[in-house]
Amino acid sequence: MSVLKLKNTYTKSLETFQPLDPSGKRVTMYTCGPTVYSYAHIGNFRSFLMSDLLRRVLERNEYEVRHVMNITDVGHLTEDDVADAQGEDKLQKAAREMGWDPYKLARHYEDLFVEDAKKLRMKNYIGGEAEDPALHPRAASHVPEMLALIQKLIENEYAYVDDSGQVYYDINKFPDYGKLSGKVIDDLEAGSRVAVGEHKRDPRDFYLWKVDAKHLMQWDPHGENGWDAADYARYVELVPEGVDPRIKPGFPGWHVECSAMSRTHLGHVIDIHTGGEDNIFPHHECEIAQSYGAYKTQVVGPHGAADQDSPRHSFARYWVHGRHLLVNNKKMSKSAGTFYTLRDLLDPRDNDREELAVELEKSGFKDGRVPANVLRYALISNQYTQPMNFSLDLLQQARASVERLQIRYDKLREAVGDGTNPDVDGTASDKLLELVSKADEDFDGALNDNLNMPNALAVVFGAVNQLNQMELGPAEAREALRLMESFDEVLDVLDRSARSGLITREQVSTWLDSESLVKKAQHLKHWAEAPDREQLWEMVEAGQLPMFEDLAPIEQMDADTIELFVAIRQNARKAKDFAVADGIRDDLARRGVQLEDTPQGFRWVLG
RNA sequence: GGUGGCGUAGCCAAGUGGUUAGGCAACGGAUUGCAAAUCCGUCAUAUGUGGGUUCGAAUCCCAUCGCCACCUCCA
């Protein structure tokens, strides 16, 4: 097994990954999650999927990953910046515009986000993990922890309270501020682009606690006003002596939430912290400053004793940042019409994007909708260290790639069968076993090389190509299927249900010669009085096929129905009545069943 | 203005001194009643431009053009 290497933003170098856990098993990972004031867009999801990919690669390396991704539902201002905190809270602004309570708005968009995340197969929202609030902490529910941290900062003299009762971080106390982003802090022109807060000691100081009477989400640090009962009980426990009396009722700064929540749910020092590249400065820089100021968190580098002499004043050992997604090589822009939420692409017509739907239809997307697995593939298909230029072309290519994998997967599944064939338990050829183990290893190698997905996909398609050239027995198919499933543990783009089948020529000729065809016809529910065999043939021969008009919709297409039409079609083919045969195939296709003639028989695929 | 990054065939995208990664598209062939799928082949000895170092450069150096990001809300 190759060794996982990651590009650490902090050191700007490729580092071998080693967890902090002495047993070398457990890995802690924190991702800055969405601010839930609107729909998440595909750029957000590219970033979150990078974290999902990293997590899956860690699991492939047999680590047990505890992945926390927060929900920001308070404190993120419209004009947040390094020097001052002007502007309105993003959530509050959106809530005001919709005439909603900000808590309601946050939960609304959080719920929608979770729906989207599930569709994109983000593992931290699949299964039991989705239900674990500790893995998806909400900022507004962690005000006790944030105030405790703020109090620590004041006690340690890394923060100060101004006349109005607000709290600021004192940048000058932390010389390492700027180490993550590589910024020379003196170069940040003090106050030139932002209004200097009157009460700040240095214009670059950032706020930890803000006082604003107009703000709807408020907490009183010295009483029960604004508190959820359970949170307040925890607060009293966490800060029994109370916080600095000068702090006035208000709300927390954006940066402080991640320091507090990652510590609460993952511990003092964590292994990996991820986010989008825009988070590097100032958000993550501020998180580092806060955690160090309050708890003196520091890490020695991953390379062992040599680093003991120069610990980094960071609470995360590896910082991993994804580059942004662009459209037409520019940032997404609503005014330029290049802004896409996930929903816009999955279901444009339901989201008032008729033009987009038409464009997608032109590109061959059925009903103008992009399947979620195709979007997932597109968003993870290049390396996270490169900006991604999103386009319809990219989506089309992703669709073709996913289809190629799906077709191979389906055929392998058919070859393995339902497990009743005793040959499945046989021994696969050495050649096949070698192919499988090499592909699996190369796939690891590519992913472990800083998540090099293009190389990993080259391995996948190389293996598919080789498999396509081989005649596979059941035992070989079984091994090959395992390989595909192993790839898909990371990619997660395949439909793994039994969605295809093969009807042999022998089966069809049996049906044609027996009453079983009529039985299949009678199976169709809409025939109150099913035709007998003779009537059925009359209909077929007359090319009437009236059953097509009101055939059951796709969800009700089952094996019997498909088999009936395959038999009828085969009869027409034998009679060289290709118009009827092709008509049946086209009709089935419209109902979501692809039919293929192969030397072995007739293959059907749902989808 | 400061800092960082990128320019690889029609498109996407690896490769960071030495045997034309891979995918998509298009076209030709095999197969097929027609399709679909699959295979073989073509596009392809491609690397923004101009120099330099080297036996050898997409890869290193210099210059130059173009694009992007962060520094200001952002994933």
Side-chain angles (χ1 to χ4, degrees), chain A residues 9 12 31-35 37 40-51 69 72 76-84 86-87 90 93 178 181-189 192-194 254 274-283 321-326 329-332 377-378 381-405 407-408 410-411 442 446 449 452-465 467-470 573-574 576-579 581-582 585-586 589 594-599 603 605:
Chain A
T9 310
K12 295 177 184 56
T31 298
C32 286
T35 303
Y37 65 101
H41 56 68
I42 55 170
N44 298 130
F45 281 111
R46 141 112 149 145
S47 173
F48 298 139
L49 285 172
M50 180 271 284
S51 301
M69 187 166 107
T72 295
H76 198 162
L77 301 196
T78 51
E79 291 170 38
D80 250 346
D81 62 46
V82 60
D84 202 352
Q86 303 294 322
K90 287 187 164 188
K93 179 165 182 277
S181 55
K183 291 196 182 306
V184 180
I185 298 306
D186 292 344
D187 288 350
L188 298 174
E189 289 177 57
S192 68
R193 305 190 64 162
V194 289
W254 173 39
T274 74
E277 59 176 321
D278 55 284
N279 281 156
I280 298 171
F281 188 91
H283 188 50
H321 293 98
R323 300 294 308 272
H324 275 174
L325 176 147
L326 309 171
N329 286 311
K330 305 267 184 205
K331 288 168 75 162
M332 286 197 288
Y377 183 97
S381 60
N382 80 349
Q383 202 171 6
Y384 76 93
T385 53
Q386 296 295 330
M388 165 174 284
N389 191 24
F390 187 83
S391 62
L392 281 186
D393 217 38
L394 179 76
L395 286 176
Q396 252 179 304
Q397 293 180 15
R399 188 193 54 204
S401 302
V402 170
E403 266 170 25
R404 189 166 157 85
L405 298 181
I407 287 166
R408 187 66 258 172
D410 289 340
K411 287 185 175 174
D442 290 349
D449 178 20
N452 190 329
M453 188 54 93
N455 274 343
L457 290 173
V459 172
V460 170
F461 286 102
V464 166
N465 183 268
L467 290 172
N468 282 339
Q469 292 176 48
M470 296 167 81
R573 288 180 78 217
K574 277 189 168 172
K576 299 229 185 290
D577 191 347
F578 295 120
D582 293 350
R585 187 173 59 197
D586 293 347
Q594 302 295 323
L595 211 58
E596 296 168 19
D597 303 328
T598 73
R603 219 181 145 248
V605 187

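A note on names: the letters A, B, ... follow the listed sequences, proteins ahead of strands, and every chain is numbered from 1.
- A gap of 16 Å separates the P atoms of B/G5 and B/A63, to the nearest Å.
- Checked against B/A75, B/A13, B/A25, the side chain of A/N279 finds its nearest nucleotide in B/A75.
- Using a 4.0 Å heavy-atom distance criterion, A/D582 is classed as a base contact.
- Under 4.0 angstrom from either OP1 or OP2 of B/C6 there lies no side-chain N or O belonging to A/R323.
- Remark: RNA chain B takes part in the stems B:1-7 with B:65-71, B:10-12 with B:22-24, B:26-30 with B:38-42, B:48-52 with B:60-64, each of 3 or more antiparallel Watson-Crick or G-U pairs, criterion distances under 3.5 Å.
- Taking atom C1' in both B/A13 and B/G1, the straight-line distance is 34 Å, to the nearest Å.
- Taking atom CE of A/M470 as the reference point, atom P of B/A37 lies 23 Å away to the nearest angstrom.
- Rounded to whole angstrom, the span from the CZ atom of A/F281 across to the P atom of B/G2 amounts to 18 Å.
- Nearest to the side-chain atoms of A/A400 among the listed nucleotides B/A75, B/C24, B/G22 stands B/C24.
- Comparing the C1' positions of B/U64 and B/C71 gives a spacing of 26 Å, expressed to the nearest Å.
- Here the P atom of nucleotide B/U32 and the CZ atom of A/F578 are 13 Å apart, to the nearest Å.
- Comparing B/G23, B/C40, B/A75 by their nearest atom to the side chain of A/Q469 picks out B/C40.
- Atom C1' of nucleotide B/A35 and atom CZ of A/R573 are separated by 10 Å, given to the nearest angstrom.
- A donor-acceptor contact under 3.5 Å is formed by the side chain of A/D597 with the base of B/C34.
- One C1' atom belongs to B/C65, the other to B/G50, and the distance between them is 10 Å to the nearest Å.
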Requested in this report: Show the numbers, then the answer: is there a side-chain contact (heavy atoms from CB on, under 4.5 Å) between A/L395 and A/R399?
Outcome: CA-CA 6 Å; A/L395 286 176; A/R399 188 193 54 204; over 6 Å; no

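- Atoms CD (A/Q397) and P (B/G10) sit 14 Å apart, rounded to a whole Å.
- Residues A/D278 and A/H324 have side chains that bring a donor and an acceptor to within less than 3.5 angstrom of each other.
- Comparing B/U31 with B/U38, their C1' atoms sit 9 Å apart, to the nearest whole Å.
- Positionally, the nearest nucleotide of RNA chain B for A/N382 lies more toward the 5' end than for the other of A/Q594 and A/N382.
- Distances shown here put a side-chain N or O of A/N465 below 4.0 Å from the OP1 or OP2 atom of B/C39.
- Spacing between B/G51 and B/A69 at atom P, rounded to whole Å, works out to 32 Å.
- Within 4.0 Å (heavy atoms only), A/E596 reaches at least one base atom of the nucleic acid.
- Residues A/Y377 and A/A398 approach most closely at CD2-CB, 3.6 Å, considering heavy atoms.
- Panel note: side chain A/N452, backbone A/A446; no donor-acceptor pair is recorded below 3.5 Å.
- In this structure, A/F461 atom CZ and B/A14 atom P are separated by 15 Å, rounded to whole Å.
- Distances shorter than 4.0 Å separate some side-chain N or O of A/N468 from OP1 or OP2 on B/C39.
- At the heavy-atom level, A/H283 lies nowhere under 4.0 Å from the strands shown.
- Judged by distance alone, the side chains of A/R46 and A/N382 do bring a donor and an acceptor atom under 3.5 Å apart.
- One finds no side-chain N or O of A/N329 lying less than 4.0 angstrom from the OP1 or OP2 phosphate oxygen of B/C67.
- Taking atom CZ of residue A/R585 and atom C1' of nucleotide B/A37, one finds them 12 Å apart after rounding to whole Å.
- Listed by residue number, the members of residues 42-51 of chain A with any heavy atom below 4.0 angstrom from RNA chain B are A/G43, A/N44, A/S47.
- For A/R404, a side-chain nitrogen or oxygen approaches OP1 or OP2 of B/C39 to under 4.0 Å.
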Query raised in the report: How far apart are the C-alpha atoms of A/M50 and A/T385, what are their side-chain angles, what is the distance that settles it, and do they pass the side-chain contact (heavy atoms from CB on, under 4.5 Å) test?
Result: CA-CA 10 Å; A/M50 180 271 284; A/T385 53; over 6 Å; no

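- Nucleotides B/U59 and B/A36 place their C1' atoms 43 Å apart, quoted to the nearest Å.
- The residue A/R399 sits apart from the nucleic acid: no heavy atom pair falls under 4.0 Å.
- Rounded to whole Å, the C1' atom of B/U54 lies 12 Å from the corresponding atom of B/C61.
- Distance CD (A/Q383) to C1' (B/G15): 11 Å, rounded to an integer number of Å.
- Distances shorter than 4.0 Å separate none of the side-chain N or O atoms of A/K411 from OP1 or OP2 on B/U38.
- Among the atoms of the strands shown, none is found under 4.0 Å from any heavy atom of A/I280.
- Closest contact between the side chain of A/N455 and the listed nucleotides B/A75, B/G33, B/A21 involves B/A21.
- Taking for each of A/M388 and A/V459 the nucleotide of RNA chain B with the nearest heavy atom, the 5'-most of the two is the partner of A/M388.
- Residue A/Q396 places none of its side-chain N or O atoms closer than 4.0 Å to OP1 or OP2 of B/G23.
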